Amino acid sequence: MIGQTTTEGPPGDGDLHGGWFLLALDDELAPGLTPLTLGGVNLIAVRDDDGVRVFAATCPHRGAHLGYGGKLDGQCVVCPFHGKRIALGDRSRRWSVGEVRTLHAGAALFARLSGDPGDDRGFEQAIKQAAEELTFVAAVNQRVAVPAEYVVENAFDAEHFSTVHLVPAVRGMRVSMGEHDELVIEGEFRTKAPPWEKERRLNFASRFVARAYSPHLVLTELGTAAAPYTIITGAVPDGTGSVGRVVIGVRPDQKESLPALVHGARYAFDQDRVVWDHLDVRAPQRYDAADTSVIAFRRFCAGFAPAGVTS
């Protein structure tokens, strides 16, 4: 019960959750085939002049990873183990692998691993709209020692902003469910004005609105209501921890602020890593009244079906 000491299991204990992931950054994807791993799911990205598509990478014949030594041949991959031609996404063929739903927005490649339509939570609509208005650039690509859910949970951990990131004042931080059952937290930071703001006052009000669309993906708007910028934070399980990625989206008239925003995102991520890389994720989770939003996030995670992609 909130307001009393309580214990609950840490995030990331069960099966890989479904929903959307920030699967890769653009500079990670080579022309042709790129092997990818998402938790225990093997994937391949196929990049050509038409864009990027993602498929299951486990050969249906004997289980080889098609991304390591496989050769692209038209709409097939020649398996590196026995040379069979494995069709990409054509389930009418005897040997084939399934395609994964993806979205590409600037420097970010998103993938959805779930057969449950409810696990979209409005993300596809939100990112398509954002991509029409914003330029997205890569800011962070780092491995951390904690499960992926801890990285996204940070947006809902209202107390840590003052302690870890030294935000002088955090106000509001109200949690609610969005129109598409995404989890939303809204509040305000009071800080020194960032370098791109003309008024260099000390008591600068920055609106904070974060929307978690899955246990592994959160889209955050910061800045003034008239001139917000967008930060998308994702984390992909890698078997022993996770890989955290951050992209930043700005409007055309905000591009001059990008270097400072990228630097700030990297600095903030490194501040969090000091905690994450030494965190005992098996320690009892003892909540109090200040952890309302964290509890809401963990319950949100529990509502997602296990991830899966048909090979």
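Quick caveat, the model's predicted, so the values are computed rather than measured.
Under a hydrophobic-cluster definition in which Ile, Leu, Val, Met, Phe, Trp and Tyr are linked whenever side-chain heavy atoms come within less than 4.5 Å, directly or via other members, Leu25 and Val243 are assigned to different clusters. Hydrophobic clustering (ILVMFWY, side-chain heavy atoms < 4.5 Å, transitive): Leu72 and Ile44 are in one cluster. A continuous path of Ile, Leu, Val, Met, Phe, Trp and Tyr side chains, each step under 4.5 Å between heavy atoms, connects Val246 with Leu222, placing both in one hydrophobic cluster. There is a path of hydrophobic side-chain contacts, each under 4.5 Å, that joins Tyr213 to Leu103. In the hydrophobic cluster analysis, where Ile, Leu, Val, Met, Phe, Trp and Tyr join through side-chain heavy atoms closer than 4.5 angstrom, Ile185 is grouped together with Ile231.
Nearest heavy atom pair, residue Thr135 against residue Lys255, reads OG1-CE, 3.6 Å. In this structure, Ser206 and Gly223 approach most closely via the heavy-atom pair OG-N, 3.0 Å. Of all non-hydrogen atoms in Asp120 and Arg112, the two that sit nearest each other are N-NH2, 3.7 Å. In terms of heavy-atom proximity, Ala138 sits nearest to Ala107 at N-CB, 3.6 Å. What you find for Ala45 and Leu36 is that their closest heavy atoms are CB-CD1, 3.9 Å. Of all the heavy atoms in Phe304 and Gly18, the pair that sits closest is CD2-O, 3.7 Å.
In this structure, the separation between CZ on Arg101 and CZ on Arg53 is 11.5 Å, given to the nearest 0.5 Å. The structure places CG of Leu261 at 10.5 Å from CD of Glu256, a figure rounded to the nearest 0.5 Å. A distance of 11.0 Å separates CG in Leu38 from OG in Ser242, rounded to the nearest 0.5 Å. Distance check: Thr102 OG1 to Phe110 CZ gives 11.0 Å after rounding to the nearest 0.5 Å. Once rounded to the nearest 0.5 Å, the distance linking CZ of Phe81 with CG of Leu66 reads 12.0 Å. Here CZ of Phe156 is found 14.0 Å from CD1 of Ile295. Values are rounded to the nearest 0.5 Å.
Counting heavy atoms from C-beta outward, Arg251 and Pro228 have side chains that approach closer than 4.5 Å. A 4.5 Å side-chain heavy-atom check between Phe189 and Val170 finds at least one atom pair inside the cut-off. Here the side chains of Phe136 and Ile127 are in contact, with some heavy-atom distance below 4.5 Å. In this structure the side chain of Cys76 reaches within 4.5 angstrom of the side chain of Arg93, judged on heavy atoms. In this structure, Phe21 and Pro237 have side chains that are in contact, with non-hydrogen atoms separated by less than 4.5 Å. Side-chain contact between Asp26 and Arg47 is present, with heavy atoms from C-beta onward closer than 4.5 Å. Put simply, the side chain of Val54 reaches to within 4.5 Å of the side chain of Leu109, judged on heavy atoms. Counting heavy atoms from C-beta on, the side chains of His17 and Cys301 come closer than 4.5 Å.
A cation-pi geometry, defined here as NZ or CZ lying under 6.0 Å from the six-membered ring centre and within 45° of its normal, holds between Arg298 and Tyr150.
For CD of Glu133, the number of neighbouring non-hydrogen atoms (other residues, nucleotides, ligands) closer than 6.0 Å is greater than 12.
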Let's go through Asp238 and Arg143 carefully: what are the C-alpha distance in whole Å and the side-chain angles of both, what is the deciding distance for side chain to side chain contact (heavy atoms under 4.5 Å, CB included) to 0.1 Å, and is it a yes or a no? CA-CA 9 Å; Asp238 70 353; Arg143 189 191 175 280; 2.8 Å; yes
Report the C-alpha separation of Leu258 and Val137 in whole Å, then their side-chain angles, then the decisive distance to 0.1 Å, and conclude whether the side chain to side chain contact (heavy atoms under 4.5 Å, CB included) test is met. CA-CA 8 Å; Leu258 267 173; Val137 301; 3.5 Å; yes
What's the verdict on side chain to side chain contact (heavy atoms under 4.5 Å, CB included) for Val236 and Arg245, showing C-alpha distance, side-chain angles and the deciding distance? CA-CA 8 Å; Val236 172; Arg245 296 180 175 91; 3.6 Å; yes
Could you walk me through whether Thr230 and Thr220 pass side chain to side chain contact (heavy atoms under 4.5 Å, CB included), step by step? CA-CA 6 Å; Thr230 298; Thr220 304; over 6 Å; no
Set out, in order, the CA-CA distance, both residues' side-chain angles and the distance that settles salt bridge (charged side-chain N to carboxylate O under 4.0 Å, His left out) for Lys128 and Glu124, then state yes or no. CA-CA 6 Å; Lys128 285 181 177 179; Glu124 185 162 347; 3.1 Å; yes
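A donor-acceptor contact shorter than 3.5 Å links the side chain of Ser162 to the backbone of Val167. Using a distance-only test at 3.5 Å, with no hydrogens or angles considered, a donor-acceptor pair links the side chain of Gln285 to the main chain of Ala283. At distances below 3.5 Å, at least one donor-acceptor pair connects side-chain atoms of His65 with backbone N or O atoms of Gly67. Remark: side-chain polar atoms of Glu182 are paired, donor with acceptor, to backbone N or O of His180 under 3.5 angstrom. Not one N or O on the side chain of Gln75 forms a donor-acceptor pair closer than 3.5 Å with the backbone of Gly89. Looking only at distances, no side-chain donor or acceptor of Asn154 sits under 3.5 Å from a matching main-chain atom of Val151. The backbone N or O of Ala139 lies less than 3.5 Å from a partner atom in the side chain of Arg266, making a donor-acceptor pair. Remark: the backbone N or O of Ala289 is paired with a side-chain donor or acceptor of Thr292 at under 3.5 angstrom.
Taking the six-membered ring for Trp and the full ring otherwise, the centers of Phe161 and Phe208 sit less than 6.0 Å from each other.
Ring geometry, Trp20 versus Phe123: the interplanar angle falls from 30° to 60°, so the pair is classed tilted. Relative orientation of the His61 and His82 rings is perpendicular, given thresholds of 30° and 60° on the angle between their planes.
In this model, a donor atom of one side chain and an acceptor atom of the other lie less than 3.5 Å apart for Glu28 and Asn141.
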